[in-house]
Enquirer: 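Sharing a structure below in structure tokens format, with a few things to ask.
Indexing begins at 1, ligand by ligand and atom by atom, following the structure's order.
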Amino acid sequence: MKKLSLLGSTGSIGTQTLNVVRRLSRDGGFPVNDAAVKIVALSAHSNIELLEAQAREFEPEVVSVFDESAAKAVKIKLADTNIKVLSGISGLCEAAAWESADTTLNSVTGMIGLRPTLEAISAKKDIALANKETLVAAGALVMAAVKENSVRLLPVDSEHSAIFQCLEGSHDNKLKKILLTASGGPFFGKTPAELEEIKPQDALKHPNWSMGAKITIDSATMMNKGLEVIEAAWLFGVPVEQVEVLVHRESIVHSMVEFADNSVIAQLGVPDMGIPIQYALTYPERFPSPAAELDLTEIGNLTFYKPDYNNFKCLPACIEAGRMGGLAPAMVNGANEEAVRLFLEGRISFAAIGDIAEEMVKRANKRETYALEDVLEADEEARGFARSLI
Ligand code: NDP
Ligand code: MG
């Protein structure tokens, strides 16, 4: 039985992961023993009502609550159980590397996920990764730690799960290109004047996927796709130049790979994160899933377009940062995290997010080799830079 530490259990990916775990472990219909998952640790920031309900249902050994006062409240709520309650970044790291866990699924949002990922890897846990910011900001550290500790890094992000699946059975054949698909978000085709008018409530509506606020804004600005280009480069060992972004409005082809003979392999399915989450937990086996069957005759047409690099500046900013390497991706990621926060607080315009990313790349630190402290410093500097522009 897989023993899972789930970071960010109260979020969009976290709750969907628990749906998968519930089905794999309890609902009948397929060989439960092979696929069952036991939750040993749960972590959240401050949503204590939901965390308490999850703790009572899944009975982990430990829960970690980032916010100190929320952690105190959880301790009181769970006083009638044997569940240990931790707090702060140290609690998050301890839960990530929890002794009885064999796998850690990291679905917290943003750079805060970096230390827990590294701690879990050092403790020889396999990593199922949704927290893409971690890999973007410190890919060299994460990939080196994965290699050194001989653990598995399994993608949860739907595009990267697709690429991973397309590469299964490719033997030693080298990838020529990754074709990374993008829904284009809710503002595909909008003019700069229209983009200027966008308010947080407009950007928080995604046409195909239901996700947390930060990634929903990143999808609207196409920052998400930029982060995913860098994420793909690290996961599959290719330069960013070999990752081509294609806008695919239907979100049915989740990504493709091209080989030397120009043969292209694609992975398709309805847009349902349950599929990649489940595959990351049951890899290399597959089990039935409640996701809808793909009916291509109902969909009829699959369309593909080139992205609009002029109006969606976050995408070229990330590609440039990925090309530069070193701390540039950490800086563009940090500046974006801050810009998204400022936009959601109504303090900057939607278009300003792209301007901040573009400016950040121009000033990014080009140092190639780095340690964890350098990444955290670069992140802080980038956040300060974003704030200085308002
Ligand atoms: P949500 O905002 O829905 O959830 C974030 C989760 O992280 C919550 O459980 C939150 O806790 C927790 N969290 C935030 N900060 C901390 C902290 N400091 N310590 C501990 N826990 C913390 O985000 P999503 O689930 O949408 O996204 C999570 C990650 O997965 C992101 O990196 C995103 O890019 C990636 N991803 C998401 C996809 C999706 O479909 N949603 C698809 C592919 C990737 P609390 O509820 O208490 O605030
Ligand atoms: Mg994705």
Side-chain angles (χ1 to χ4, degrees), residues 5-19 41-55 63-71 73-74 86-96 104-117 127-137 155-164 180-185 204 206 208-219 222-232 235 245 248 251 253-255 267 271-277 280 333 336-337 340-341 344:
S5 170
L6 175 58
L7 312 182
S9 64
T10 51
S12 165
I13 293 289
T15 51
Q16 292 180 83
T17 300
L18 291 175
N19 288 341
L42 292 171
S43 303
H45 178 271
S46 49
N47 184 349
I48 56 177
E49 280 73 29
L50 182 53
L51 187 68
E52 183 196 0
Q54 293 176 342
V63 298
S64 150
V65 187
F66 195 85
D67 182 87
E68 300 286 347
S69 60
V74 169
L86 305 171
S87 64
I89 184 70
S90 62
L92 185 59
C93 289
E94 207 181 313
T104 300
L105 192 152
N106 188 345
S107 62
V108 305
T109 296
M111 263 294 282
I112 195 74
L114 177 56
R115 276 193 226 232
T117 295
I127 305 293
L129 192 69
N131 176 230
K132 65 191 84 181
E133 295 91 343
T134 305
L135 205 54
V136 169
V156 169
D157 211 349
S158 58
E159 296 79 359
H160 304 76
S161 176
I163 298 159
F164 182 75
L180 186 74
T181 54
S183 72
L204 285 170
H206 193 279
N208 302 350
W209 302 92
S210 157
M211 309 175 287
K214 196 261 178 181
I215 185 177
T216 304
I217 303 301
D218 283 352
S219 298
M222 294 211 62
M223 180 74 189
N224 182 51
K225 211 45 56 179
L227 296 174
E228 289 185 359
V229 167
I230 303 173
E231 182 186 13
L235 282 172
V245 176
H248 167 49
S251 294
V253 176
H254 298 305
S255 278
Q267 187 263 343
D272 183 335
M273 284 307 295
I275 300 175
I277 291 170
N333 175 68
N336 177 65
E337 285 194 26
V340 170
R341 197 177 64 75
L344 288 173

Enquirer: Taking the N/O/S atoms of E228 one by one, which is nearest to the Mg ion (ligand 2)?
Expert: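 Of all N, O or S atoms in E228, the Mg ion (ligand 2) lies closest to OE2.
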Enquirer: How open is the angle at the Mg ion (ligand 2) from atom OD1 of D157 over to atom OE1 of E159, rounded to 10 degrees?
Expert: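 That angle works out to 100° after rounding to 10°.
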Enquirer: Testing N333, D218, D157 one by one against K132 for a side-chain hydrogen bond (donor to acceptor under 3.5 Å, both in side chains), which residue passes?
Expert: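 Among the candidates, only D157 passes.
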Enquirer: Among A96, A44, G11, S161, which one puts a heavy atom closest to atom 20 (C) of ligand 1?
Expert: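 Residue with the shortest heavy-atom distance to the ligand atom: A44.
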Enquirer: Nearest to atom 33 (C) of ligand 1, what protein heavy atom do you find, and at what distance?
Expert: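 Sorting protein heavy atoms by distance from atom 33 (C) of ligand 1 puts I215 CD1, 3.9 Å first.
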Enquirer: Regarding D67 and S46, do their side chains bring together a donor and an acceptor under 3.5 Å, going by distance alone?
Expert: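 Looking only at side-chain atoms, S46 and D67 do not form any donor-acceptor pair under 3.5 Å.
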Enquirer: Looking only at distance, does N224 have an N or O less than 3.5 Å from an N or O of ligand 1?
Expert: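 Looking only at distances, the answer is no, because the N/O contact criterion of under 3.5 Å is not met.
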Enquirer: Does a donor on one side chain sit under 3.5 Å from an acceptor on the other, for E94 and S90?
Expert: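 No, no side-chain donor-acceptor pair sits under 3.5 Å.
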Enquirer: Answer yes or no: does an N/O atom from G14 fall short of 3.5 Å to an N/O atom of ligand 1?
Expert: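 By distance alone, the answer is no.
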Enquirer: Examine the proximity of ligand 1 to T10 and report which part, side chain or backbone, both or neither, has a heavy atom under 4.0 Å away.
Expert: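 Near ligand 1, T10 shows its backbone as well as its side chain.
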Enquirer: Applying a heavy-atom cut-off of 4.0 Å, say which part of S158 lies close to ligand 1: side chain, backbone, both or neither.
Expert: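 The answer is neither.
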Enquirer: Could you measure the distance from the CG atom of N106 to the CD1 atom of I112? Nearest 0.5 Å is fine.
Expert: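 One gets 10.5 Å once the value is rounded to the nearest 0.5 Å.
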